[in-house]
Amino acid sequence: MPPFAHLDGPALRTLSSAGHPPFVPPQVADPADKPRDRIWELAETLHCSIVGTCLTNAEARAILAKLGRPDARTITEHRLHGEIVQIAGRKDGGGRLLQKALDRRHARDIDRFAEARTAEAVRALWKASVERGEIPGAYWAAITHPATDWALVQDVFGEVHMLSHLVGQSNRADICRLRQLEADLAERDERIAALERRALDLMEQRDGLNMRQRTIEAEQALSRVAAARPLEADVTAIKALTAQLQRERAHADALEERVAVLMHAAGKLSADLQAEAERRRAVESELGAVEAILAAADEPTGTGTSSSFADMDAPLAGRILLYVGGRPRQVARLRQFAEARGGRLLSHDGGIEDSMALLPGLVSRSELVLFPVECVSHEATGVLKRVCETSGRPFRPVRSASLASFVHAVGNAEPHADRF
């Protein structure tokens, strides 16, 4: 890794513990006179937060397209994020393009932070930006500023990291949105039913017009047979009938077009309804798991949380699960939940403190491997998938590191199934 000229002793020790040799920075009279750090010169632990906070998905896809990736416009957002994080550490493998994109997007904040000459001045600018809610550009400008020391890097990174945890406080808002979604779906059902009734009415009108058209044509034929030389009055009547027939035909054509438009609209609304119903089922599954735990926790057991879990069925009896990633306190609750259901939960923090070399042994001891996609490193995910594929062990990504997602994942697990 290229040297960090502005890092102090603890920062260098931190980098060394990640597998990189320590580096003694050169003595510089004023750190702010040095050039800004490039993204490939930063610690790899910062790449994920920088890409997720400071770069839009459209800019990320544009970078992959410039690198010749044929799937740049169709790759999923999760894989897109992982690809750009890998590119960030490679100077000649796309890192330059990523650096230019970030500098171009946040040029105004970079110029504003350029006036700072000390780490404390950078910190003051960062605090002011946070108070105004201007996080992405300020984060990029502060992290790469030549006067920023490792202590400031840790503080800025920590504040950005904690912002992601605020999402967990929106459970009540999610429930309100679910209720609104149910009301919208009911209204859409009524609209579709009304459109279908209208379409049937229009088809009946069309059939009636066709019948009238055939009647008029028959009357015209009888008129031609009855009088080879019709009187002037008969000619006038026939012309009137012909004009009426033309008008009826035009009206029938217009009705045909309206029927086609309404049928197309009904089909689109049906497809939208199905998509909304699928999203609602996913949200209801998560909320159902949470409500089940809350209901069990509210029952007076006299023995604490463990008793409320113990009242549930035990489909995990005798099974060993492995949970990679997550948050330490939450993992303890997940382990308690699994043990209350007769199972055993092994854990690995995804490489923060636990060595990656431990993963093969833990995988070999487990029957199912779970990992929260929002709270595990990309490196740990890649190693885990390779180990599971090699050893033939099933693995399942979990939507989040919450107890609700874990309960939903293991609640759908068959007690004696070899794979999920």
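What you are looking at is a predicted structure, and each value in this text was computed from that prediction instead of being measured. Computation of the quantities below employed the complete heavy-atom set of this structure, encompassing side-chain atoms and omitting hydrogens, waters and symmetry-equivalent molecules.
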Asks: Could you report the tightest heavy-atom contact between S400 and E374, atom names first, then the distance?
Replies: CB-OE2, 3.4 Å
Asks: Side-chain contact, heavy-atom cut-off 4.5 Å: E77 with R61?
Replies: yes
Asks: What do you reckon, is CE of M356 surrounded by more than 12 foreign heavy atoms closer than 6.0 Å?
Replies: yes
Asks: In a check of side chain to side chain contact (heavy atoms under 4.5 Å, CB included) between V376 and each of D349, T381, I352, which one passes?
Replies: T381
Asks: Which heavy atom of S377 sits nearest a heavy atom of G350, and at what distance?
Replies: OG-O, 3.4 Å
Asks: Any sub-3.5 Å donor-acceptor pair from S49's side-chain atoms to L46's backbone N or O?
Replies: yes
Asks: If we only count heavy atoms from C-beta on, is the R69 to I63 side-chain gap below 4.5 Å?
Replies: no
Asks: Please assess K127 against E159 for the test side-chain contact (heavy atoms from CB on, under 4.5 Å), listing each intermediate value before the final yes or no.
Replies: CA-CA 10 Å; K127 291 296 184 182; E159 290 188 59; 2.9 Å; yes
Asks: What pairs meet the salt bridge (Lys or Arg N to Asp or Glu O under 4.0 Å) rule with one or both residues in residues 84-94, with sequence neighbours excluded?
Replies: D92-R96
Asks: Test your reading of the model: is there a side-chain donor-acceptor pair from H378 to the backbone of C48, 3.5 Å cut-off?
Replies: no
Asks: Give the minimum heavy-atom separation between I135 and V160, together with the two atoms involved.
Replies: CG2-CG2, 4.3 Å
Asks: Using a 4.5 Å cut-off on heavy atoms from C-beta on, say whether the side chain of L362 contacts that of V369.
Replies: no
Asks: Report yes if the side chains of T242 and Q220 come closer than 4.5 Å at any heavy-atom pair, otherwise no.
Replies: yes
Asks: What verdict does the side-chain contact (heavy atoms from CB on, under 4.5 Å) test give for L346 and Y323, after you've listed the backbone C-alpha separation in whole Å, the side-chain angles of each residue and the deciding distance to 0.1 Å?
Replies: CA-CA 6 Å; L346 306 177; Y323 193 83; over 6 Å; no
Asks: With a 4.5 Å cut-off on side-chain heavy atoms, are D109 and W140 touching?
Replies: no
Asks: Specify the closest pair of heavy atoms between V398 and S405, including all atoms of both residues, with the distance to one decimal.
Replies: CG1-CB, 3.4 Å
Asks: Taking the side chain as every heavy atom from C-beta outward, state whether L368 and L322 have any atom pair closer than 4.5 Å.
Replies: no
Asks: Give the C-alpha distance, both sets of side-chain angles, the deciding distance and a yes or no for salt bridge (Lys or Arg N to Asp or Glu O under 4.0 Å) between K268 and D272.
Replies: CA-CA 6 Å; K268 186 176 184 303; D272 292 342; 3.4 Å; yes
Asks: Are the side chains of P372 and R399 in contact, using a 4.5 Å heavy-atom criterion?
Replies: no
Asks: Under 3.5 Å, is there a donor-acceptor pair between the side chain of H106 and the main chain of C54?
Replies: yes
Asks: For the residue pair F337 and F406, categorise the inter-ring angle as parallel (less than 30°), tilted (30 to 60°) or perpendicular (more than 60°).
Replies: perpendicular
Asks: So S364 and R393, side-chain hydrogen bond (donor to acceptor under 3.5 Å, both in side chains) or not? Walk me through it.
Replies: CA-CA 8 Å; S364 66; R393 290 293 191 275; 5.8 Å; no
Asks: Between R206 and E248, is the salt bridge (Lys or Arg N to Asp or Glu O under 4.0 Å) condition met? List the steps.
Replies: CA-CA 10 Å; R206 180 196 61 189; E248 295 290 350; over 6 Å; no
Asks: Answer yes or no: does atom CD of Q330 have more than 12 heavy-atom neighbours from other residues, nucleotides or ligands under 6.0 Å?
Replies: yes
Asks: In a check of side chain to side chain contact (heavy atoms under 4.5 Å, CB included) between V331 and each of R333, R329, R335, which one passes?
Replies: R335
Asks: Do NZ/NE/NH1/NH2 and the carboxylate oxygens of E59 and K100 come within less than 4.0 Å?
Replies: no
Asks: Do R198 and E204 sit within salt-bridge range, that is, some charged N less than 4.0 Å from a carboxylate O?
Replies: no
Asks: Would D253 and R249 pass as an ion pair if we require N to O under 4.0 Å?
Replies: no
Asks: Just checking, is any N or O donor in the side chain of Y139 or S129 under 3.5 Å from an acceptor N or O on the other one?
Replies: no
Asks: What I'd like to find out is whether the side chain of Q99 reaches to under 4.5 Å of the side chain of R36, using heavy atoms alone.
Replies: yes
Asks: Are S366 and R344 linked by a side-chain donor-acceptor pair shorter than 3.5 Å?
Replies: no
